[in-house]
Each structure stands twice: as structure tokens, then as C-alpha cells.
Protein chains: 2
Amino acid sequence: MKIDPNSPKDLSAQIAQAIKEAIISGELPVDERLPSESELSEQFDVSRPTVREALKRLAAQSLIRTQRGATGGAFVNRLSFKDAYAQQITTSTLLLSMNAVSFETACEARYALERACAPLSAAKREADHLATMRAEIHRQSQPGLSDEAFCASDVAFHRALVDGAGNPVLSYQLAGAIEAMQPSMNMITFTARSRTEIIALHTRIADAIEAGAPEQADATLTELQSYTVRLANDVIAARAAKA
Amino acid sequence: MKIDPNSPKDLSAQIAQAIKEAIISGELPVDERLPSESELSEQFDVSRPTVREALKRLAAQSLIRTQRGATGGAFVNRLSFKDAYAQQITTSTLLLSMNAVSFETACEARYALERACAPLSAAKREADHLATMRAEIHRQSQPGLSDEAFCASDVAFHRALVDGAGNPVLSYQLAGAIEAMQPSMNMITFTARSRTEIIALHTRIADAIEAGAPEQADATLTELQSYTVRLANDVIAARAAKA
DNA sequence: GCAAATTTAAATGTCATACAATTAAATGTC
DNA sequence: GACATTTAATTGTATGACATTTAAATTTGC
């Protein structure tokens with residue numbers, strides 16, 4: 001691992017990249033201890049603060065963890081699905097909010113991905129995920145539920161649908177798509193009528209999964225997508241009319 | 001934005017989180033300049049190196065960019081799709097390699113997602129993406145192509161299929177799923193026979209997209225998935241036999 | 001001789017200060 | 001007015017010190 005003092009990049013960025021590449025290539029295996037900060041600063045011929053900045057960059061990406069104390073140091077971290085979920089969600093959220101992605105585009109992506117899960121979920125139809133879906137449907141029908149709580153339950157319902165596919169990689173990929181949309185979903189005011197409609201569609205989806213009928217789940221998800229987009233467009237139109 | 005000196009977390013981690021939350025909430029809009037490092041160190045009542053560690057954490061996630069010089073400083077960065085792609089790919093790659101995700105599971109996720117794109121691509125059937133797919137198919141049939149080059153072309157083909165859906169959010173989500181599998185794909189030795197088979201399937205997929213026939217694309221992708229898994233299993237079996 | 005208490009050493013976390021490098025704006029010069 | 005120079009602000013890097021944490025080594029007490 002070498003760095004170039006004449007590169008346009010910061011030294012800390014170069015060092016971080018060198019270590020990152022060593023981790024990706026497998027040269028540094030999981031749980032391996034990196035040299036101490038002092039040793040690294042000698043190896044790369046830079047000061048300790050510079051090394052520390054590099055290590056913080058890696059820590060921010062969950063590539064390493066640090067421990068204090070006698071046997072402490074920086075260790076290569078096993079990237080857990082949980083950590084990856086969290087990163088995926090914040091990245092997706094920022095991507096949508098900062099790039100003026102239309103509700104329709106985000107919605108299209110989300111439901112396309114969900115339709116990808118539906119056949120797998122329908123094939124497995126696991127009891128616990130189905131139970132979660134039913135429970136969330138029940139919660140959604142409670143009167144006096146706030147719009148935020150309704151949305152949160154909506155997210156939980158769809159996560160259960162996705163997790164029902166029993167593929168952690170899929171769940172990870174979809175976590176971002178589903179949760180990143182919550183801010184825009186929250187702006188929708190769910191009337192009693194629209195809630196009834198959505199609950200009916202959720203029920204049909206759960207039924208389709210339980211029956212092992214993927215085409216039906218697919219079609220109902222498409223219906224739900226159009227309905228959601230219509231609701232959002234109503235909100236946008238109402239706002240435009242006011243202004 | 002306040003921090004707690006008695007928290008178990010590092011000061012730099014707390015500061016990074018505080019700024020991150022301000023960015024996510026929109027309190028700090030895109031291109032806004034953060035206070036200088038000296039000002040931040042006064043505001044948070046910590047030293048400048050500590051502030052810098054916090055800023056490097058944010059820079060590692062592409063949340064800020066820094067400029068040197070008189071009018072320099074740290075600016076809130078608009079998270080571009082390109083940056084998000086890159087993060088998504090490294091995260092996915094590490095997730096697969098560090099968690100002993102089976103080839104079959106990763107493959108299932110990948111093809112489920114691709115099948116999600118197929119109907120959208122078939123509806124749009126854009127000329128340039130179709131041209132890219134045809135060009136990659138042609139490249140794949142060149143004799144003397146290395147396994148690595150064949151794999152790279154395979155990735156390009158599938159990316160074109162995905163990008164053909166015309167939904168940048170989908171493309172972003174799928175970039176990870178497709179490219180993260182390249183390391184495991186590279187271990188497969190593609191014989192002349194298997195290449196012919198794969199090229200035939202690719203051709204049928206392109207034909208289906210061009211014809212606007214989503215069901216056909218879906219079915220062919222499923223075939224390609226099974227065939228890929230079979231090839232991988234052969235490699236694994238051959239290795240086991242040797243040992 | 002063994003267990004508990006203490007000391008020690010190694011590592012990260014934090015601070016203070018200084019200087020180098022870069023960049024744009026202000027200033028000066030012709 | 002155009003061009004060169006200076007200046008000031010800001011990040012990048014280095015040095016050295018001290019605080020804090022943690023496990024291992026040592027000492028002490030019985």
C-alpha cells in the first residue's frame with residue numbers, strides 16, 4: 001500500500017482508499033487488526049492526525065471499528081445487513097430529496113421492485129410475515145390513527161411483504177426504496193375513504209400471497225401504485241390551486 | 001445542534017451526526033457553506049482536529065465537499081446518482097463477500113430485480129439501449145474473449161436492460177445487485193458451449209424487449225438465472241471433487 | 001500458593017499550536 | 001483600464017502533549 005504525495009487528493013483520502021482496497025480485495029480479512037495509528041503514520045510517512053482522518057472516513061462507512069485500551073485498535077469490520085440497511089436508507093432518502101425525483105418516478109421504482117418480490121413471497125408464504133401483514137392491516141383500520149402512524153404501518157406492511165421473499169439481499173435492496181419514500185408519503189392526507197381503499201388493496205395483496213397467486217399480487221400492486229400516484233397528484237393539484 | 005460530552009460516542013461521531021441530521025432535515029440546503037472549521041470548533045467547544053475528523057466522516061459519505069482557499073470551506077453536496085451508484089456498489093460487494101451469501105441467493109435477488117425492470121424496458125424499448133444490448137451480444141460472440149471480458153460485457157448487457165426502463169432510481173438500486181455479483185461470476189469458466197447458450201438467451205431477451213413482450217423477457221430471464229446457477233454449481237462441484 | 005488489589009503499558013481520544021498550501025479578493029502599478 | 005502584487009481567509013498537515021480506557025503484568029495480603 002503506497003500513496004503519492006503529489007496527488008491532487010488529500011493524503012487522508014489516499015490512505016483511506018488504499019486501506020479500503022486492501023479490505024475489498026480480501027488482503028485484510030474480517031476482524032484483522034490494522035497497525036496502530038502511530039505505526040500507520042510511520043508506514044505512510046504522515047502525521048497521526050492525518051491517519052486518524054483516514055480511519056474516520058473508513059469508520060463512517062462501517063468498514064472498520066475501533067476499540068480503545070491496551071489491546072485496542074482499528075479492526076476490519078464485518079459489514080452487517082443491519083449497517084448496510086441503514087446506509088442504503090439514508091443514501092436513498094438523500095438521493096430522492098436532493099435530485100427532484102418526481103413522486104411518480106420513485107413510486108414506479110418502488111412498486112416494480114415490490115412486484116419482483118411478490119412471486120417469491122407467494123411461493124414461500126411464511127406464516128410470520130403473513131401474520132405481520134394482517135396485523136398491520138388491522139392497525140390501519142383503527143380509527144383515530146394519525147397520518148404519520150398510518151404511513152409507518154404502511155411501510156411495515158410492505159417490508160413484511162418484501163421480507164417474506166426470504167432473501168436478505170432483496171430485503172436490503174428494497175429497504176432503501178421503501179423507506180426513502182416515507183417523507184413524500186407523509187405529505188399525503190389520508191381521508192377515511194382513501195384509507196378504506198388502501199386497506200382493501202392491502203387485504204387483496206395478503207390474500208394473494210397466502211393463496212400463492214403471484215399474478216394476482218402483481219396486478220393488485222399495480223393497482224395500488226396507480227392509486228397512490230393519483231392521491232399524490234390530488235395533493236399537488238390542491239396545493240397549486242391554493243397558490 | 002448540540003452534543004453531549006458524556007455520551008459514549010466519540011465527539012467527532014456526535015458532531016458528524018448532528019450535521020448529517022441538519023442536512024437530511026433540509027435545515028442545511030444543498031450548496032450551503034458550513035461555518036469554517038475554526039468556527040465549528042468554537043460552536044461545539046471542541047478542538048479543530050476533532051471537527052476535522054467529523055467533516056471527514058461526512059466527506060466519506062459524499063454529504064459534503066471541501067474547497068481550499070479564501071472563499072473555500074465545506075459545502076453541502078448534492079448527492080449525485082453517480083456518487084450513489086459507487087457507494088451502492090461497494091456496499092453491496094462487501095455485503096456479499098463478507099456474509100457468506102450463497103451464489104444462489106445473490107442470483108435470485110439479482111434476477112428478481114431484473115425481471116422487475118423488464119416490463120418497463122419492454123414498454124419503452126428505447127433505441128439506444130437496445131443498440132447497446134445488441135452490441136454487447138456481438139462482443140460476447142467474439143472468439144478469444146477472456147472470461148473477465150465476457151463477464152464485463154455481460155454486466156454491460158444487463159445494465160443496458162435495466163437502464164432501458166428509463167427510471168434512474170431503479171438503475172441506482174440495481175447497480176449494486178448486478179455489479180456486486182461480478183466477483184463470483186468471474187470465478188466461472190465460460191466454455192465455448194456455455195457462451196453460445198448464454199448468447200442465445202441474451203438474444204431472446206433483446207428480442208423480447210424489442211417486441212414489447214414482457215412475459216417472454218420474464219421467462220427468458222428465469223431461464224438464464226437457472227442456467228447461471230447450474231454453471232456455478234458445476235464449478236463448485238468440480239472444486240469439491242479436486243479436494 | 002492463591003486471590004485480590006495495584007501498577008503498568010499500549011492504544012485511542014482530545015487538545016493546543018504552528019506552519020504550509022491554496023485561492024479569491026483587494027490593492028497597487030503602469 | 002489592464003495587469004501584477006499583496007493580503008487575508010481557509011483548508012491541509014505536522015508536532016507534541018495529555019486524558020482516557022483497557023487488558024495484562026505485578027505486587028500485596030493472607
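Each chain gets a letter, A, B and so on, in the order its sequence line appears, and its residues count up from 1.
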For [X] and [N], give me the distance from atom [atom1] to atom [atom2], rounded to whole Å.
| X | N | atom1 | atom2 | result |
| --- | --- | --- | --- | --- |
| A/D10 | C/dA21 | CG | C1' | 12 Å |
| B/L58 | D/dT11 | CG | C1' | 16 Å |
| B/F75 | D/dT10 | CZ | C1' | 10 Å |
| A/E42 | D/dT15 | CD | C1' | 14 Å |
| A/F44 | D/dT13 | CZ | C1' | 16 Å |
| A/K56 | C/dT12 | NZ | P | 9 Å |
| B/L34 | D/dT10 | CG | P | 13 Å |
| B/Q67 | C/dT23 | CD | P | 9 Å |

I'd like to know if [X] pairs up with [Y] as an ion pair, taking the criterion as any Lys NZ or Arg NE/NH1/NH2 lying under 4.0 Å from an Asp or Glu carboxylate oxygen.
| X | Y | value |
| --- | --- | --- |
| B/R110 | B/E114 | yes |
| A/R139 | A/E136 | yes |
| A/D154 | A/R159 | no |

Margin query: Whether the side chain of B/R68 and the base of D/dT10 hold a donor-acceptor pair under 3.5 Å is what I'd like checked.
Written below: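 No such pair is found, so the answer is no.
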Next item on the list: Would you state whether a donor and an acceptor, one from the side chain of B/R48 and one from the base of D/dG12, lie under 3.5 Å apart?
Entry: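 Side chain to base: pair present.
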Notebook entry, point to check: Closer to the 5' end of DNA chain D via nearest nucleotide, is it A/P49 or B/P35?
Noted result: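 The 5'-side residue here is B/P35.
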Item checked: Of A/D45 and A/A70, the one whose closest DNA chain D nucleotide lies more 5' ->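 The residue mapped nearer the 5' terminus is A/D45.
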Item checked: Among D/dA14, D/dG12, C/dT12, the one nearest B/E37 by side-chain distance ->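 Closest nucleotide to the B/E37 side chain: D/dG12.
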Next item on the list: Answer yes or no: does atom CG of B/D128 have more than 12 heavy-atom neighbours from other residues, nucleotides or ligands under 6.0 Å?
Entry: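 More than 12 heavy atoms, drawn from other residues, nucleotides or ligands, come within 6.0 Å of this atom.
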Margin query: Taking any heavy-atom pair under 4.0 Å as a contact, classify A/R33: base, sugar-phosphate, or nothing.
Written below: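 It contacts sugar-phosphate atoms only.
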Check: So which nucleotide does D/dT27 pair with, by the Watson-Crick or G-U wobble rule with both distances under 3.5 Å?
Finding: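 Per the H-bond distance test, C/dA4.
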Item checked: Base-pairing assignment for C/dC30 (Watson-Crick or G-U wobble, both under 3.5 Å) ->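 Check on C/dC30: paired to D/dG1, both distances under 3.5 Å.
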Are OP1 or OP2 of [N] and a side-chain N or O of [X] less than 4.0 angstrom apart?
| X | N | value |
| --- | --- | --- |
| B/R52 | D/dT11 | no |
| B/K9 | C/dG13 | no |
| B/T71 | C/dA24 | no |
| B/T66 | D/dG12 | yes |
| A/T50 | D/dA14 | yes |

Notebook entry, point to check: Between B/R57 and B/S12, do the side chains contain an N or O donor and an N or O acceptor separated by less than 3.5 Å?
Noted result: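 There is such a pair between these side chains.
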Note to self: Out of the candidates B/T50, B/T66, B/L34, only one should pair with B/L55 under the side-chain contact (heavy atoms from CB on, under 4.5 Å) rule; please name it.
What the structure shows: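 That would be B/L34; it is the only one of B/T50, B/T66, B/L34 passing the side-chain contact (heavy atoms from CB on, under 4.5 Å) with B/L55.
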